[in-house]
2 protein chains.
Amino acid sequence: MKVSREQVAENRRRILAAAGRLFRARGFEAVTVSDVMTAAGLTHGGFYGYFGSKEDLIAAALADVLATASPMPRDLDRYAEAYLSAAHREDRAGGCPVAALGAETIRHSSKARAAMTDGLRRQIDRLSEGAGGADPETRRQSAIGSWATLVGAMVLARISDDAKLSDEVLAQARAWIGRQNGDEHNHP
Amino acid sequence: MKVSREQVAENRRRILAAAGRLFRARGFEAVTVSDVMTAAGLTHGGFYGYFGSKEDLIAAALADVLATASPMPRDLDRYAEAYLSAAHREDRAGGCPVAALGAETIRHSSKARAAMTDGLRRQIDRLSEGAGGADPETRRQSAIGSWATLVGAMVLARISDDAKLSDEVLAQARAWIGRQNGDEHNHP
DNA sequence: GTCTAAACATGACGACCGTCATGTGATTAA
DNA sequence: TTAATCACATGACGGTCGTCATGTTTAGAC
């Protein structure tokens, strides 16, 4: 049962996409190689024709998800509004890989960690462009501070089993970021 | 081989302490019941005299760690300085359980999640006391925004395999929080 | 059209984990 | 001092997971 070249390419894409979603939803360790292959429409045996090990898949899936980042809105406030939404909080499988898997990545391969670090660098650069202020160093500070706030607020909002508290965390974090940016413009 | 009443109490304390450290260091799933019992100086068989299941242990260990929070410094800036330190970044096993396990807790028992939510509520209250500003609602916003920034910055700093970038994340997040508090005092 | 190599399904393997049954020896209450 | 209880060690059980060997089928080259 050989398969066409295009089919192979699409299978690889499907495996990566399935792994990316499953890992974000359940974490690296709770997802089985068999789970990923089944979700990709295959059986577990073919896996090792695509990746050398589960650890390799983790690194590849992370790099894949991080490569296709969401488009950057005009400014940081718009980005925060979209990121800190209830829809994003509910959609772990399709949401930010840093908020879902950031804390777990440290314990895996150096390639997985390198992929995350690369994503962090690119995200800081992207957010710097959308930050207010003339001084590049100030914009970089806003980018790092805002990104930390966004990731942390999403983790906290997902922790809370009290919907009211969870909503408040999202709203207050949005306001907190807005307060920073607003202050920026008002400064001499 | 019975054991004295005090020994039982100390064993329980040792099991919880070992579980708290191991979970923070390796995550819930990578830690074995046997690992915890060995670290507590016992063998795996006695575990089910103390807890009904591993899931129960997770909830109890989380509640235990969250109950003994670090003392609140005078103001939010001092707290951020201590939290966003290189020492804390390195000490996963003894550090903040939210930064280490927050994202994973969602996938476990409702008791574990409730313990985390309770910890979040208490932390917001604690940080509100150290926040600047006269208006209680503004102080609460500073507490939530700062806490999100602290947790997120620690996650990001631990992700980076580039020490320079990791240090910068900690420093910029500290400055970002300080900018908020500083602005606060200067406002009319 | 034939041959070959490759992709995937099936199935099996060793290892490990959570859990529980049983035995044993010390503690505590009488 | 003795009897009954209880905490823990030992060991075993299903179940599951990552990985690999093998067989089967078909795409692609000649």
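Per chain, numbering begins at 1; letters A, B, ... match sequence-line order. In what follows, every heavy atom counts, from backbone to side chain, and hydrogens, waters and symmetry copies are set aside.
- Considering only side-chain N and O atoms, Thr32(A) lies under 4.0 angstrom from the phosphate OP1 or OP2 of dC17(D).
- In this structure, Phe51(A) atom CZ and dA7(C) atom P are separated by 13 Å, rounded to whole Å.
- For Thr32(B) (side chain) and Ser34(B) (main-chain N/O), no donor-acceptor pair under 3.5 Å exists by modelled atom type.
- Protein atom CD of Gln7(A) is 14 Å distant from nucleotide atom P of dT26(D), rounded to whole Å.
- Comparing Ser53(B) and Gly46(A) against DNA chain C, the residue whose closest nucleotide sits nearer the 5' end is Gly46(A).
- Rounded to a whole Å, the CZ atom of Arg14(A) is 16 Å from the P atom of dA7(C).
- Atom CZ in Phe47(A) sits roughly 9 Å away from atom P in dG18(D) (whole-Å rounding).
- No side-chain donor-acceptor contact under 3.5 Å links His88(A) to the backbone of Gly95(A).
- Under the ring-ring contact (aromatic ring centres under 6.0 Å, His included) criterion, the residue pairs touching residues 93-123 of chain A are Phe28(A)-His108(A), with sequence neighbours excluded.
- Without hydrogens or angle criteria, Arg113(B) side chain to Ile159(A) main chain gives a donor-acceptor distance under 3.5 Å.
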Within the sub-3.5 Å range, which N or O atoms of nucleotides 11-13 of chain C have a protein N or O partner, and how far apart are they?
from    : atom 1 : to       : atom 2 : distance (Å)
dG11(C) : O6     : His44(A) : NE2    : 2.6

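- Between Lys164(A) and Glu168(A), none of the side-chain N atoms (NZ, or NE/NH1/NH2) sits under 4.0 Å from a carboxylate O, so this pair counts as no salt bridge.
- Contact annotation for Val36(B): no contact, since no heavy-atom pair falls under 4.0 Å across all strands.
- Per the geometry, CZ belonging to Phe28(A) stands 18 Å off C1' belonging to dC17(D), to the nearest Å.
- No salt bridge links Arg121(B) with Asp125(B); every basic N to acidic carboxylate O contact stays at or beyond 4.0 Å.
- Side chain to side chain, Asp162(A) and Thr117(B) fail the donor-acceptor criterion of an N or O pair below 3.5 Å.
- Here the nucleotide nearest the side chain of Lys54(B), chosen from dT19(C), dT19(D), dA9(C), is dT19(C).
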May I have the step-by-step check of side chain to side chain donor-acceptor pair (under 3.5 Å) for Gln180(B) and Arg179(A), ending in yes or no?
-> CA-CA 8 Å; Gln180(B) 278 280 24; Arg179(A) 209 161 85 185; 3.1 Å; yes
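- Checking side-chain atoms of Arg139(B) against main-chain N and O of Ser128(B) turns up a donor-acceptor pair under 3.5 Å.
- Across all strands, Tyr50(A) comes closer than 4.0 Å only to sugar-phosphate atoms, never to a base (heavy-atom distances).
- Summarising the geometry, the separation between CD1 on Ile15(B) and C1' on dA7(D) is reported as 11 Å, rounded to the nearest angstrom.
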Let me have a per-nucleotide readout for nucleotides 22-30 of chain C, 5' to 3', with B, S or -, counting only protein heavy atoms under 4.0 Å.
-> --BBBBSS-
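- Tyr48(A) has no side-chain polar atom (N or O) that falls below the 4.0 Å cut-off from OP1 or OP2 of dA7(C).
- What separates CD1 of Ile58(B) from C1' of dG18(C) is a distance of 12 Å, to the nearest Å.
- By the 4.0 Å N-to-carboxylate-O rule, Asp167(B) lies close enough to Arg89(B) to be salt-bridged with it.
- Nucleotide dT16(D) holds its P atom 18 Å from the CD atom of Glu29(A), rounded to whole Å.
- Between Asn11(A) and dC8(C) there is a side-chain N or O to OP1 or OP2 distance below 4.0 Å.
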